[in-house]
Amino acid sequence: MSRDVGDRLDDVIRACGVIRAYVDDDALPEGLVYDAVRMRLVEIGEAVRMLPSAVTSTEPSIPWSRVSLLGERLTRRYFDTTPAVVFGTARVDVPSLCEAVHRLRAAHAARGDRRGAAGAADLTR
């Protein structure tokens, strides 16, 4: 199955929303949240890695290469990734990434993707 730019942007938006829900849910055990957030960060890294630079370059405040590399680090260097890094990323970096990806998704929809940004946006608000 081929995934286009809109699909990958939707993947990032969904993962950001899920991360926010996990981090905000005080009833969940911290270890479970840590594992779940790490996996979602891996998903974000993979989706971002596949985005064309022509798309990401319109949001220069986001360190796209670092986002992509975070996914690789979490899979290949999992043993030296601390909860402080994961939770810090989830609380500080993911919200600004999500805002940027919402803007990218809206711009992509305006260029002709018929599904638009509404479906993905509803999952995170």
Side-chain angles (χ1 to χ4, degrees):
M1 176 167 134
S2 176
R3 302 193 47 77
D4 70 7
V5 169
D7 294 328
R8 294 188 189 284
L9 293 170
D10 289 344
D11 292 343
V12 174
I13 290 168
R14 271 195 231 43
C16 288
V18 172
I19 287 171
R20 184 172 51 232
Y22 290 156
V23 170
D24 290 347
D25 189 339
D26 293 332
L28 295 173
E30 186 174 304
L32 180 66
V33 173
Y34 173 69
D35 289 342
V37 169
R38 279 190 320 167
M39 189 61 222
R40 293 300 178 150
L41 290 173
V42 169
E43 291 174 12
I44 289 171
E46 182 63 15
V48 165
R49 186 177 71 79
M50 300 304 292
L51 291 173
S53 61
V55 172
T56 58
S57 66
T58 62
E59 289 287 340
S61 67
I62 302 298
W64 297 104
S65 62
R66 290 184 65 202
V67 173
S68 176
L69 290 174
L70 179 61
E72 286 187 39
R73 178 179 183 195
L74 291 170
T75 55
R76 292 189 176 90
R77 307 265 317 159
Y78 63 89
F79 51 86
D80 67 355
T81 303
T82 66
V85 168
V86 170
F87 287 120
T89 300
R91 290 186 178 110
V92 176
D93 300 321
V94 167
S96 58
L97 173 68
C98 193
E99 290 173 12
V101 174
H102 272 289
R103 289 189 295 270
L104 292 175
R105 188 64 178 99
H108 185 72
R111 288 191 299 271
D113 181 5
R114 284 186 239 170
R115 290 176 300 164
D122 291 345
L123 294 172
T124 60
R125 294 181 193 242

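Heavy-atom basis, side chains included; hydrogens, waters and symmetry copies ignored. Please read these numbers as outputs of a predicted model, since none were measured by experiment.
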Measure the spacing between [atom1] of [X] and [atom2] of [Y] and express it to the nearest 0.5 Å.
X: His108; Y: Asp4; atom1: NE2; atom2: CG; answer: 5.0 Å
X: Arg8; Y: Arg3; atom1: CZ; atom2: CZ; answer: 6.0 Å
X: Ser53; Y: Trp64; atom1: OG; atom2: CH2; answer: 12.0 Å
X: Asp7; Y: Met50; atom1: CG; atom2: CE; answer: 12.0 Å

Handout entry: Asp11 versus Ala47, closest heavy-atom pair with distance
Key =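 Reported closest heavy-atom pair: CB-CB, 4.3 Å.
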
Would you tabulate the side-chain donor-acceptor contacts of residues 29-40 under 3.5 Å, counting partners in other chains and residues two or more places apart, or write 'none'?
from, atom 1, to, atom 2, distance (Å)
Tyr34, OH, Thr81, O, 2.7
Asp35, OD1, Arg38, NH2, 3.1
Arg40, NH1, Glu43, OE1, 3.3

Is there side-chain contact between [X] and [Y], with at least one heavy-atom pair below 4.5 Å?
X: Ile19; Y: Ile44; result: yes
X: Arg105; Y: Ile13; result: yes
X: Val12; Y: Cys16; result: yes

Identify all side-chain donor-acceptor contacts of residues 84-101 below 3.5 Å with residues at least two apart in sequence or on another chain.
from, atom 1, to, atom 2, distance (Å)
Thr89, OG1, Val85, O, 2.7
Ser96, OG, Asp93, O, 3.1

Practice task
Can you sort out the partners of Asp80 under salt bridge (Lys or Arg N to Asp or Glu O under 4.0 Å), two or more places apart, ordered by chain and number?
Solution key: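 Salt bridge (Lys or Arg N to Asp or Glu O under 4.0 Å) check on Asp80 returns Arg73, Arg77.
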
Practice task
Quick one: list whatever passes salt bridge (Lys or Arg N to Asp or Glu O under 4.0 Å) with Arg49, sequence neighbours left out.
Solution key: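 Testing Arg49 for salt bridge (Lys or Arg N to Asp or Glu O under 4.0 Å), a comparison that skips the adjacent residues, returns Glu46.
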
Handout entry: Main-chain N/O of Tyr22 paired to Asp25 side chain as donor or acceptor, under 3.5 Å
Key =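 No: the side chain of Asp25 does not pair with the backbone of Tyr22.
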
Exercise for the section: Please answer whether the main-chain N or O of Gly71 pairs with a side-chain N or O of Thr75 as donor and acceptor at a distance below 3.5 Å. Expected result: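 Looks like yes, one N/O pair under 3.5 Å.
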
Problem - Cluster check Val18, Leu28: I/L/V/M/F/W/Y, side chain < 4.5 angstrom - result: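 Yes: a chain of side-chain contacts under 4.5 Å links Val18 to Leu28.
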
Practice task
Please identify each residue that fulfils side chain to side chain contact (heavy atoms under 4.5 Å, CB included) with Pro60, with sequence neighbours left out.
Solution key: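 Testing Pro60 for side chain to side chain contact (heavy atoms under 4.5 Å, CB included), a comparison that skips the adjacent residues, returns none.
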
Exercise for the section: Identify, with sequence neighbours excluded, every residue that meets side chain to side chain donor-acceptor pair (under 3.5 Å) alongside Glu59. Expected result: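 Side chain to side chain donor-acceptor pair (under 3.5 Å) list for Glu59, sorted by chain: Arg103.
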
Exercise for the section: Applying side chain to side chain donor-acceptor pair (under 3.5 Å), name anything that partners Asp26, two or more places apart in sequence or on another chain. Expected result: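 Per chain and number, Asp26 pairs via side chain to side chain donor-acceptor pair (under 3.5 Å) with no residue.
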
